[in-house]
Amino acid sequence: MTWKTVADTLTATPGETLTLKGWVRTRRDSKADGGLCFIALHDGTSHDAIQVVAKAAGDDALANYDEVNKLTTGCSIEADGLLVESQGKGQSVELVASEIRIIGLVDDPDTYPVPQKRHTFEYLREQAHLRVRTNTFGAVARVRHALAMSIHRFFDEQDFYWVHTPIITGSDCEGAGQMFRVSTLDAMNAPSADDGSCDFDKDFFGKETHLTVSGQLNVETYCSALSRVYTFGPTFRAENSNTSRHLAEFWMIEPEIAFADLAANADLAEAMLKFVLADLLQRRADDMAFFDLRIEKGLIERLKHVIETPFKRLPYTEAIAILEKAQGKAKFEYPVKWGLDLQSEHERYLTEKHFKAPVILINYPKDIKAFYMRVNDPGTDGAPGDTVAAMDVLVPGIGEIIGGSQREERLDVLDQRINEMGLNIDDYWWYRDMRKYGTVPHAGFGLGFERLIQFATGMANIRDVIPFPRAPRQAEF
RNA sequence: UCCCCGAUAGCUCAAUGGUAGAGCGAGCGGCUGUUAACCGCUAGGUUGUAGGUUCGAGUCCUACUCGGGGAGCCA
């Protein structure tokens, strides 16, 4: 007998005999026809369960019907049987079982942590090893996979190479926040250097090392030979951030393109978002319909709007003018002034109220952005001060989903920026080499993978779109 | 890190300072080709931890722990 997945079985033609293997989602019984029960069986391959019918009497009577009729949510079984058109409403096909093998029972149904009832996401976070058995987290897992594959497909079709940048980094100059130290030294008995500080020369790598906060500086070197590259992997931030949009361990996508300016970078970001969202709606229509129904009403319409609408491109300087005009009625908590960074409330006003569409903000003041961003010509956009070729992609509901820039390819300007910001120029020797040996204009951006999943599913808390979230004081599982 | 809110049955929540309850889930029974089923019965509690006030504390006070929402930082 052929073992088939639930997904394949749901679309198969009745008349086939086959085997299903999975976990019981629900069981209902009836005294009709001499006794029968209905098992909703899941194996994760589709959003919908398949109905397995077990009978106590007649030709299809099961020898172990009494045991089968005691199955509870979470039990694992194998079922052989004939696929038939369903007599009941709610499904088109069902499996009439000829044999059901009970593989694993649930010890105590009364204390099974995820019975078939409503649970809060807060509670399910404490049951991270079991929450994937629920509709919502099964759907999140499938969508997460679909988006990851879609991102790889998009870049592969556009002749990008996936570059595996290191997770352990010896650079302390990535400049994107607090880092986690990687060490094999005994924390209780660390060796001291002559000046009393920790002697990292005795550590595994012979120097201080950390978990990466970004693969950007590394991937820029590959860009300077392979033209179109991207990273997709975990990154780590030791920031004490306790929000629904931050994790200590998250996945990031960072493309980098050579012979490209900020406009090409924005084009890439917009094309990528539109591609993966359209691909998702097509490939995971079942799960997306669920999110639309149960998590965020109108989700699919919102995503279609994003796919069809050109992203609004707006210089920072013009955004400030719009926000200053709106200040009276919008009642912003924080001041709006050229030279200050935009707050969440400002970004959300622009994308949710003013334009009601994704917005790509470009050309930010130099002083609020990183050293590696390319300095614009004076007077760009009529700005009253110096700007850099930075961009942020803002989307309704999430705010900033992408941050990127054209990189500074001129060595003299880059050095000046490193010095201005008080950074140690020696730390950047290999990064500066890119500007000495065949420098080219290039640009790239970072996309937080979990934020993309939030945007695509409507899930409110980022801890619910990664299997085992890491956040301050949270590393269980 | 800052500001607010919360912690009571397996889960979600009630309970003027005075005998801790309900819904869901679970178990048993009834009904039914069932499917958020329906009807009945039953079990289930050191009220987050440690102190304090009081004749008496789930309730008031203090500290701590954990969780949530918002802000900052950012992706």
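Order of the sequence lines sets the chain letters (A, B, ...), proteins ahead of strands, with each chain counted from 1. Just so you know, these numbers come straight off a predicted model, no measurement behind them.
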Answer yes or no: does a side-chain N or O of [X] lie under 4.0 Å from OP1 or OP2 of [N]?
X        : N      : value
A:Ser344 : B:rG72 : yes
A:Ser244 : B:rG70 : yes
A:Asn461 : B:rG69 : yes
A:Arg473 : B:rC66 : yes
A:Gln343 : B:rG72 : yes

Watson-Crick or G-U counterpart of B:rU8, or none if no pair lies under 3.5 Å:
none
Across all strands shown, which nucleotide pairs with B:rU62 by Watson-Crick or G-U wobble geometry, both distances under 3.5 Å?
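Partner of B:rU62: B:rA50.
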Using a heavy-atom cut-off of 4.0 Å across all strands, would you classify [X] as base, sugar-phosphate, or nothing?
X        : value
A:Gln51  : base
A:Gln87  : base
A:Leu247 : base
A:Arg463 : sugar-phosphate
A:Ile253 : nothing
A:Thr26  : nothing
A:Gly446 : sugar-phosphate
A:Glu94  : base
A:Arg125 : sugar-phosphate

Electrostatic pair [X]-[Y], nearest N-O below 4.0 angstrom:
X        : Y        : result
A:Lys337 : A:Glu324 : no
A:Lys70  : A:Glu67  : no
A:Asp261 : A:Arg374 : no

Tell me, do A:Leu211 and A:Met179 make a side-chain contact under 4.5 Å, heavy atoms counted?
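Not in contact.
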For A:Glu400, does its backbone N or O pair with a side-chain atom of A:Arg451 as donor and acceptor, under 3.5 Å?
yes
Looking at A:Ser241 and B:rC73, is any side-chain donor or acceptor paired with a base atom of the opposite kind under 3.5 Å?
yes
Let me spell it out: for each of A:Gly448 and A:Gln474, pick the nucleotide of RNA chain B with the closest heavy atom. Which residue's pick is nearer the 5' end?
A:Gln474
A:Phe250 vs A:Thr72, nearer the 5' end of RNA chain B by closest nucleotide
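Result of the comparison: A:Thr72.
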Between B:rU12, B:rU32, B:rA75, which one does the side chain of A:Ser30 approach most closely?
B:rU32
Which nucleotide wins on minimum distance to the side chain of A:Glu122, given the candidates B:rC11, B:rG68, B:rC74?
B:rG68
